[in-house]
Amino acid sequence: MTNQPTTPSAILLYIPNLIGYLRILLTLTSLFLMICHPTRYLTASLLYVSSFVGDLFDGMAARKFNQCSTFGGLMDMVTDRCATTGLLCVLIREFAHRSSLVLLFTLLIILDISSHWCQMYSTTSQNSHHKSAEGNKGRFFLVRWYYSSYPFFGYCCVGAEFTFITIYILSGLRRVHEEAGGDMNAFVMTLGRYFLYIVVPACAVKQVVNVSQLCSACYAVAARDAARKNQ
């Protein structure tokens, strides 16, 4: 009995890709609440974190059911980047009165998108996955370590996302208390600050990785250009 050929529709209905569609829905709903219903900041935050956690499960499903696909990797990358960009845009609105933070969040958006786009292009153009050892061969050691060490990868990603979502939650709490004419609970503020002490260093390391990834990917593309010119 011969195996049936895999169709594009079958790829689109892979279990990890179905999880990916759910992540997109959760992300869009969370951003909708953040922008249009700011008083529901806790619900929005829960949906955002749920989408982020879903990234773990789609990868597990892809490996368990042998359903890894280029489309899945592309959707995963785009979902992550759009989610982070959306949240940073919300933070720009939250802190519109502080130009230094607006500039910081804007630069983080630019760095996040450019570094990951260049990484994706530089690896897929040589038919490799952007996280694979083959695709990152010869790259800066920090980039290779980032994609080969799951604990380090998780530390950076979780730290970055929870830094942004914690800042958003604290801003939401402050806004609600100001509108109600009361003072914000000192315990909650202290707890939030201590949590930021834990996650902000990971977020900072993630930005160093992004800079390294951007430079390393651009150099890899230029190296291939040079090799073609010298043939």
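Reckoned from all heavy atoms, side chains included, excluding hydrogens, waters and symmetry mates.
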Check: Any link between V49 and F57 through a network of hydrophobic side chains (Ile, Leu, Val, Met, Phe, Trp, Tyr) touching at under 4.5 Å?
Finding: yes
Check: Between Y146 and K206, is any pair of side-chain heavy atoms under 4.5 Å apart?
Finding: yes
Next item on the list: Any pair with a residue in residues 41-62 that passes salt bridge (Lys or Arg N to Asp or Glu O under 4.0 Å), sequence neighbours left out, goes on the list, sorted by first then second residue, please.
Entry: R23-D55, R23-D58
Item checked: Nearest heavy-atom neighbours spanning G135 and Q126 -> O-NE2, 3.3 Å
Note to self: With heavy-atom distances below 4.5 Å as the criterion, would you say the side chains of L170 and L196 are in contact?
What the structure shows: yes
Checklist line | Minimum side-chain heavy-atom gap F195-L191 below 4.5 Å | finding: no
Check: Are F162 and L47 linked, directly or through other ILVMFWY residues, by side chains that come within less than 4.5 angstrom of each other?
Finding: no
Item checked: Identified side-chain hydrogen bond (donor to acceptor under 3.5 Å, both in side chains) partner of S51 from the options T79, T27, D80 -> T27
Next item on the list: Could you tell me the separation between the CD1 atom of I15 and the CD atom of Q67, rounded to the nearest 0.5 Å?
Entry: 5.0 Å
Next item on the list: Applying ring pair (Phe, Tyr, Trp, His ring centres under 6.0 Å), run through H37 and F32 and close with a yes or a no.
Entry: CA-CA 7 Å; H37 299 278; F32 170 77; 5.5 Å; yes
Check: What distance separates Q213 CD from C218 SG, expressed to the nearest 0.5 Å?
Finding: 10.0 Å
Margin query: With a 4.5 Å cut-off on side-chain heavy atoms, are D112 and L88 touching?
Written below: no
Checklist line | Linked, directly or transitively: I35 and L87 (ILVMFWY side chains, under 4.5 Å) | finding: yes
Margin query: Please find the pair of heavy atoms, one from S125 and one from R224, that lie closest to each other, and give the distance.
Written below: OG-NH2, 2.6 Å
Notebook entry, point to check: Per the side-chain contact (heavy atoms from CB on, under 4.5 Å) rule, which among T106, L108, L101 passes with I92?
Noted result: T106
Note to self: Please say yes or no: joined through hydrophobic side-chain contacts below 4.5 Å, possibly via intermediate residues, are V199 and M189 part of one cluster?
What the structure shows: yes
Next item on the list: Over all heavy atoms of both residues, which pair between T166 and G192 is shortest? Give the atoms and the distance, please.
Entry: CG2-O, 4.2 Å
Check: Between Y14 and C68, what is the shortest heavy-atom contact and its length?
Finding: CE2-O, 4.3 Å
Next item on the list: Taking the side chain as every heavy atom from C-beta outward, state whether V205 and F152 have any pair of such atoms under 4.5 Å apart.
Entry: yes
Notebook entry, point to check: Between the side chain of S212 and the main-chain N/O of V143, is any donor-acceptor distance below 3.5 Å?
Noted result: no
Note to self: Return the CZ to OH distance between F95 and Y168, rounded to the nearest 0.5 Å.
What the structure shows: 11.0 Å
Notebook entry, point to check: Are Y147 and F140 connected in the hydrophobic side-chain network, where two residues link if heavy atoms are under 4.5 Å apart?
Noted result: yes
Notebook entry, point to check: Parallel, tilted or perpendicular for Y197 and Y194, by the 30°/60° rule?
Noted result: perpendicular
Next item on the list: Please examine the side chains of H116 and N210, heavy atoms only from C-beta on, and report whether any two atoms are closer than 4.5 Å.
Entry: yes
Check: To the nearest 0.5 Å, what is the distance between SG (C156) and CD (Q207)?
Finding: 9.5 Å
Check: So do Y219 and R139 actually touch side chain to side chain, heavy atoms under 4.5 Å?
Finding: no
Margin query: Is it the case that the side chain of S114 and the backbone of L111 share a donor-acceptor pair, with hydrogens and angles ignored and the cut-off at 3.5 Å?
Written below: yes
Note to self: For a 4.5 angstrom cut-off between non-hydrogen side-chain atoms, does Y155 reach S149?
What the structure shows: no
Checklist line | Separation between CG of D76 and CG of N17, rounded to the nearest 0.5 Å | finding: 9.5 Å
Margin query: Could you measure the distance from the CG atom of N230 to the CZ atom of R228? Nearest 0.5 Å is fine.
Written below: 11.5 Å
Notebook entry, point to check: Which atoms form the tightest heavy-atom contact between A217 and S122, and what is the distance?
Noted result: CB-OG, 3.6 Å
Check: Shortest non-hydrogen contact from I19 to G54?
Finding: CG2-O, 3.8 Å
